[in-house]
Colleague: 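I have a structure I would like to understand better, so I am pasting it below and will then ask my questions one at a time.
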Amino acid sequence: MNILLLPGMDGTGIMFEPFIKLLPSSADVQIVKLIQEIDVSFEEQAKELVANIKKETIIIGESYSGLIAHEIGKIAPDSIKHIVFAASFLEQPSSLAKFGKLVPKAMLNYSLYPEFMVKEMLFGKYSSQYLMDLFHRAMSNVPLDLLEYRIKQISNLNPIESVSSIPSSYLQASDDRLVSGNAAKVFKKAYANIELKQLDGSHFVLQTNPSDSLREVLAIAA
């Protein structure tokens, strides 16, 4: 079982820890770190990662990286067994996303806000200090300039026009406060062979419900 894990907007891969801990030892897992530079497009990120893809790879694209997984699928479809989109999106993830380009950079510094508010937004009722500490680690070296650029990328997304035949799944979290439920509808239009899986959890579904997320991945691998 070959698994390629593409991280969310932090780009570090640190947030995958709860999911990784549950993977069987037989799994061949690659945790990708994104190019941590501004002005790098989704297509450029994808081209950089294609060399990491082995035959029959299951790609898991978390949140922001679902867009990179989508681009990899265009470049190397024959190497991909399945794409799992975890609480991801292909178009603007919410009605507020189009205003992302207007958000002052200073407001992206999550440490300015009370921790209980950040916990509630990211993890909801599934929150724990462990997950918050993991988030601190993931964000500790991510420049605000980079976050600002990636939010602008999201706010400028165009409607998806092509349809992919790559087998895929969408993991939709029951308590996602960052991505609208309409995101799943976009994936159903963009992927002819997709299954929608609804799981308990927050936007960070691989972290707040790693066991059910892994169950879905193991079913795909089987």
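All residue numbers in this chain count up from 1 along the given sequence.
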Colleague: Got a donor-acceptor contact below 3.5 angstrom from the Asp175 side chain to the Ser202 backbone?
Modeller: no
Colleague: May I ask you to check whether over 12 heavy atoms, not counting those of Asn141, lie within 6.0 Å of atom CG?
Modeller: no
Colleague: List the steps, then state whether side-chain contact (heavy atoms from CB on, under 4.5 Å) holds for Phe135 with Met15.
Modeller: CA-CA 7 Å; Phe135 183 73; Met15 292 297 295; 4.3 Å; yes
Colleague: Please determine whether the number of non-hydrogen atoms from other residues, nucleotides or ligands lying under 6.0 Å from atom CD of Gln30 exceeds 12.
Modeller: yes
Colleague: Are the side chains of Gln153 and Phe42 in touch, meaning some heavy atoms are under 4.5 Å apart?
Modeller: yes
Colleague: For Val40, what are the other residues in its hydrophobic cluster, where any two members join if their side-chain heavy atoms are less than 4.5 angstrom apart?
Modeller: Ile35
Colleague: Heavy atoms only: give me the nearest Lys74-Ser162 pair and the separation to one decimal.
Modeller: CE-OG, 4.5 Å
Colleague: Between atom CD of Glu43 and atom CD1 of Ile72, what is the distance when rounded to the nearest 0.5 Å?
Modeller: 11.5 Å
Colleague: Do Ser180 side-chain atoms and Ala183 backbone N/O form a donor-acceptor pair below 3.5 Å?
Modeller: no
Colleague: We want to know whether Glu17 and Tyr130 form a side-chain donor-acceptor pair, criterion being a heavy-atom distance below 3.5 angstrom.
Modeller: yes
Colleague: Is any side-chain heavy atom of Ile38 closer than 4.5 Å to one of Glu148?
Modeller: no
Colleague: Is any side-chain N of the basic residue among Lys197 and Glu195 closer than 4.0 Å to the acidic one's carboxylate O?
Modeller: yes
Colleague: As a quick check of understanding, evaluate side-chain contact (heavy atoms from CB on, under 4.5 Å) for Ile14 and Leu134, giving each step before the final call.
Modeller: CA-CA 7 Å; Ile14 289 172; Leu134 204 60; 4.1 Å; yes
Colleague: How many angstroms lie between atom CG of Leu178 and atom OG of Ser63, to the nearest 0.5 angstrom?
Modeller: 7.0 Å
Colleague: Please say whether more than 12 non-hydrogen atoms of neighbouring residues, nucleotides or ligands are located less than 6.0 Å from CD in Glu48.
Modeller: no
Colleague: Kindly compute the distance separating CD1 (Ile75) from NE2 (His70), expressed to the nearest 0.5 Å.
Modeller: 11.0 Å
Colleague: How long is the gap from OH on Tyr64 to CG on Asp10, to the nearest 0.5 Å?
Modeller: 11.0 Å
Colleague: Looking at every non-hydrogen atom in both residues, tell me the closest pair between Pro210 and Pro18 and how far apart they are.
Modeller: CB-O, 3.8 Å
Colleague: Compare every heavy atom of Gly13 with every heavy atom of Pro7, then report the nearest pair and how far apart it is.
Modeller: CB-N, 3.5 Å
Colleague: Could you go through the side-chain contact (heavy atoms from CB on, under 4.5 Å) check for Lys189 and Ile160 one step at a time?
Modeller: CA-CA 8 Å; Lys189 291 179 181 178; Ile160 295 294; over 6 Å; no
Colleague: Using 0.5 Å steps for rounding, measure from the CG atom of Leu6 to the NZ atom of Lys33.
Modeller: 14.5 Å
Colleague: Give a yes or no on whether the backbone of Ser155 and the side-chain of Gln92 come within a donor-acceptor separation of less than 3.5 Å.
Modeller: yes
Colleague: Quick one: does Ile80's side chain get under 4.5 Å of Thr57's, heavy atoms only?
Modeller: no
Colleague: Any donor-acceptor pair under 3.5 Å linking the side chain of Ser174 with the backbone of Gly201?
Modeller: yes
Colleague: Does any N or O in the side chain of Ser41 come within less than 3.5 Å of the main-chain N or O of Glu44, such that one atom is a donor and the other an acceptor?
Modeller: yes
Colleague: Do you know which two heavy atoms are closest between Val50 and Ala76, and how far apart they sit?
Modeller: CG1-CB, 4.4 Å
Colleague: Write down the atom of Glu71, the atom of Ala46, and the distance for their closest heavy-atom approach.
Modeller: CB-CB, 3.6 Å
Colleague: Any idea which heavy atoms bring Leu34 and Arg150 closest together, and the distance?
Modeller: CB-NH2, 3.8 Å
Colleague: Just checking Lys185: does its NZ atom have more than 12 heavy atoms from other residues, nucleotides or ligands closer to it than 6.0 angstrom?
Modeller: no
Colleague: Looking only at the side chains, is there a donor atom on one of Glu62 and Gln207 sitting less than 3.5 Å from an acceptor on the other?
Modeller: yes
Colleague: Would you kindly confirm whether Leu144 and Ile151 end up in one hydrophobic cluster when ILVMFWY residues are joined by side chain heavy atoms under 4.5 Å apart?
Modeller: yes
Colleague: Any heavy-atom pair between the side chains of His203 and Thr208 that's under 4.5 Å?
Modeller: no
Colleague: Nearest 0.5 Å, please: how far is CG in Leu146 from CE in Met9?
Modeller: 9.0 Å
Colleague: Parallel, tilted or perpendicular for Phe85 and Phe187, by the 30°/60° rule?
Modeller: tilted
Colleague: Compile the donor-acceptor pairs under 3.5 Å between side chains in residues 114-123 and protein atoms, sequence neighbours left out, one pair per line.
Modeller:
from   : atom 1 : to     : atom 2 : distance (Å)
Glu115 : OE1    : His136 : NE2    : 3.2
Lys119 : NZ     : Gln129 : OE1    : 2.9
Glu120 : OE2    : Arg177 : NH1    : 2.8
Glu120 : OE2    : Arg177 : NH2    : 3.2

Colleague: If hydrophobic residues (ILVMFWY) are linked whenever their side-chain heavy atoms come closer than 4.5 Å, directly or via other members, who joins Val84 in its cluster?
Modeller: Met1, Ile3, Leu5, Phe16, Phe19, Ile20, Leu22, Leu23, Val29, Ile31, Ile58, Ile60, Leu171, Leu199, Val205, Leu206, Leu214, Val217, Leu218, Ile220
Colleague: Please step through side-chain contact (heavy atoms from CB on, under 4.5 Å) for the pair Asp176 and Phe204, ending with a clear verdict.
Modeller: CA-CA 8 Å; Asp176 193 331; Phe204 286 85; over 6 Å; no
Colleague: Do Glu37 and Tyr149 pair up side chain to side chain, a donor and an acceptor below 3.5 Å, judged on atom types alone?
Modeller: no
Colleague: Determine whether the side chains of Ser168 and His82 contain a donor N or O and an acceptor N or O closer than 3.5 Å.
Modeller: no
